[in-house]
Amino acid sequence: MKRFNGMRNALALTAALLVVQPAVAWAQAAPPRAPARPAAQRALPATEAMVRDYVAQKKAPGMVVVVGGPDWTSAHAAGRVATDATAAPANVDTLWRVYSMTKPITGMAAMMLVEDGKLKLDQPISDFIPGFKSMKVLTDPDKSLASRPATTPITVRHLLTHTAGLGYSIVTKGPLLKEYERLGIVPAAVNAQAEVAMAQARPKSLEDFANRVATLPLIAEPGTKWSYSIGLDVMARVIEVASGLSFERFLQTRMFGPLGMTSTYWTVPAAQKGRLATNYAWAGDNLVPVDPAATSVWLSPPSFPYGGAGLVMSAADYDRFLHMLQNGGTLDGKRVMKPATVALGMSNLLPAGVTFGGVDGATGGQAGPKMGFGAGGSVYLETLPGRPGKGTYGWGGAAGTVAFVDPVRQLRGTVMVNYFPADKWPLRDDLVKALASDLAGPVR
């Protein structure tokens, strides 16, 4: 396991502080929801058993899985939103911290602007954020901040595929990590306690955030190396400048609103906190509440919208986003993207000569045979028996969530849990195995 610093260290400290804190009971029930459901349903006994077994074996207090094809949807839920016996049952409307599953949403938002002609994949981002015009590259990243001028400009493609040479507090090491922390380049939230210190250093706007990032050296020449990064957070600022709208407003008007994603939040309204799951951390065999819903950091506005890790969503809402991708840009008769734009965003967009070999599973990312990278998510480059098909696009979150769209098998899937580390259990592989068993049967 690679070193998972930054957020992991914050989580370890938080777990130590909260180890004796009890789970929170819930009084508010989820509001009634009656979405239109496709008539065709597929029995998924293995998937249903997996969800129930995870809860029965105390691997998660609660879990929700939503999978579907073009014309069918199947939802599975078990357990509760917290370990307390009086906590509300988990269901498709429960709210979960999706962390890095925000990245595909930001990536596809950028693809909308590519479709509009307001962005080009190989356009320098300095056209939108002038501070990135003259970047420098570290010459000895492990030991110093010594640098040389970059010879290649950072482009939109680089931001979308983590090849810009930017770092990330959860994986970056050495002197550059200290600079990221000093300047508050930590675009993620853990809990209210940790936020007190993080918010003091963090920029108060996407503009200030991007401008601060532009003052720091890169870990590699742009377009030469895949390195998990804050690229999608910087992309959020590019979207603002290119669209003329705030990042939140752009997503609401172009994606969330048209797709009927009514349970997607940067800040959870007080009236909805009863739907929010508690986030936990595993300390050995014990679950420790890290961000209890009643006092969650997501009940207060963030310093700015984190395009790489900032959303709280229901499984039903994330499924609507994936269903739109599966349908080539439409859902319930509303088109938000052209089929060609969706296909491009879900294709391998890595610069020539760059490969993606996976990432530390604790980040919520994944590794697999012959994988590429698209607009904010990984892409499978081959079809193997019992595995996702070629072209499968998706990503995961640091608190265990998983999402994918498989265009070969015409299958999409969302898994919601909330615990650190994301790879405590082989949830992604267990889901793949369960679906492989289930999908041998007919639709009925």
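Residues take their numbers from the sequence shown, with the count starting at 1.
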Undergrad: Using every non-hydrogen atom in the two residues, find where S303 and E195 come nearest and quote the distance to one decimal.
TA: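 Nearest heavy atoms, S303 then E195: OG-OE2, 4.1 Å.
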Undergrad: Would you call the rings of F373 and F356 parallel, tilted or perpendicular if under 30° counts as parallel and over 60° as perpendicular?
TA: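 Perpendicular: the ring planes of F373 and F356 meet at over 60°.
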Undergrad: Just how far is it from atom OH of Y54 to atom CH2 of W425, taken to the nearest 0.5 Å?
TA: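 Result: 8.0 Å between the selected atoms.
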Undergrad: Under 6.0 Å from the NZ atom of K225, do we count more than 12 heavy atoms belonging to anything else shown?
TA: no
Undergrad: Might you point out which heavy atoms bring I105 and M313 nearest each other, and give the distance in Å?
TA: CD1-SD, 3.7 Å
Undergrad: Can you name the residues that form a salt bridge (charged side-chain N to carboxylate O under 4.0 Å, His left out) with D429, not counting sequence neighbours?
TA: R387
Undergrad: As an exercise, state the distance from CG of N191 to CG of D291, rounded to the nearest 0.5 Å.
TA: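 Output value for this atom pair is 5.5 Å.
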Undergrad: Could you give the distance from CD1 (I170) to CG (L177), rounded to the nearest 0.5 Å?
TA: 11.0 Å
Undergrad: Does a side-chain N-to-carboxylate-O contact under 4.0 Å join D317 and R320?
TA: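 Looking at D317 and R320, the cut-off is not met.
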Undergrad: Check step by step if ring-ring contact (aromatic ring centres under 6.0 Å, His included) holds for F420 and Y99.
TA: CA-CA 11 Å; F420 294 121; Y99 279 111; 5.7 Å; yes
Undergrad: Would you list the pairs meeting side chain to side chain donor-acceptor pair (under 3.5 Å) in which at least one residue belongs to residues 335-359, sequence neighbours left out?
TA: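 For residues 335-359, and leaving out neighbouring residues, the side chain to side chain donor-acceptor pair (under 3.5 Å) pairs sorted by first residue read E115-T341.
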Undergrad: Rounded to the nearest 0.5 Å, how far does CG of D93 lie from OG of S314?
TA: 5.5 Å
Undergrad: Under the side-chain contact (heavy atoms from CB on, under 4.5 Å) criterion, do T278 and V81 qualify, and how do the steps go?
TA: CA-CA 6 Å; T278 286; V81 299; over 6 Å; no
Undergrad: Going by the angle between their ring planes, with limits at 30° and 60°, are Y228 and W226 parallel, tilted or perpendicular?
TA: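 Parallel.
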Undergrad: Verify the ring-centre separation between Y318 and F321: is it less than 6.0 angstrom?
TA: yes
Undergrad: How close do P61 and Y280 get, counting heavy atoms only, and between which atoms?
TA: CG-CE1, 3.8 Å
Undergrad: Tell me whether E382 is salt-bridged to K390, with the criterion being a basic N under 4.0 Å from an acidic carboxylate O.
TA: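 Salt bridge between E382 and K390, a charged N being under 4.0 Å from a carboxylate O: no.
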Undergrad: Apply side chain to side chain contact (heavy atoms under 4.5 Å, CB included) to A90 and list each qualifying residue two or more places apart in sequence or on a separate chain.
TA: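 Partners of A90 by the side chain to side chain contact (heavy atoms under 4.5 Å, CB included) criterion, ordered by chain and then number, come out as V64, T94, W96.
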Undergrad: Only pairs at least two apart or in different chains count here, so list each salt bridge (Lys or Arg N to Asp or Glu O under 4.0 Å) that has a residue in residues 45-68.
TA: E48-R52
Undergrad: Does K334 have more than 12 heavy atoms from other residues, nucleotides or ligands lying within 6.0 Å of its NZ?
TA: no
Undergrad: Going by salt bridge (Lys or Arg N to Asp or Glu O under 4.0 Å), name the pairs with one or both residues in residues 230-251, residues two or more places apart or in two chains.
TA: E207-R237, R237-E240
Undergrad: Taking the six-membered ring for Trp, are the ring centroids of W266 and F247 within less than 6.0 Å of each other?
TA: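 That pair passes the under 6.0 Å test.
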Undergrad: In Å, rounded to the nearest 0.5 Å, how long is the span from CG of L44 to CE of M50?
TA: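 One gets 11.0 Å once the value is rounded to the nearest 0.5 Å.
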Undergrad: Taking the basic N atoms (NZ, or NE/NH1/NH2) and the acidic carboxylate oxygens, is any pair closer than 4.0 Å for D208 and R212?
TA: yes
Undergrad: Side chain to side chain contact (heavy atoms under 4.5 Å, CB included) with A343: which residues, sequence neighbours excluded?
TA: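 Counting only residues at least two positions away or on another chain, A343 forms no side chain to side chain contact (heavy atoms under 4.5 Å, CB included).
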Undergrad: Locate the shortest heavy-atom distance separating M108 from V342; write the atom from each residue and the value.
TA: CE-O, 4.3 Å
Undergrad: Supply the atom-to-atom distance T155 OG1 to Q123 CD, rounded to the nearest 0.5 angstrom.
TA: 9.5 Å
Undergrad: Write down the atom of A242, the atom of F128, and the distance for their closest heavy-atom approach.
TA: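 Looking at all heavy atoms of both residues, the closest pair is CB-CE2, 3.8 Å.
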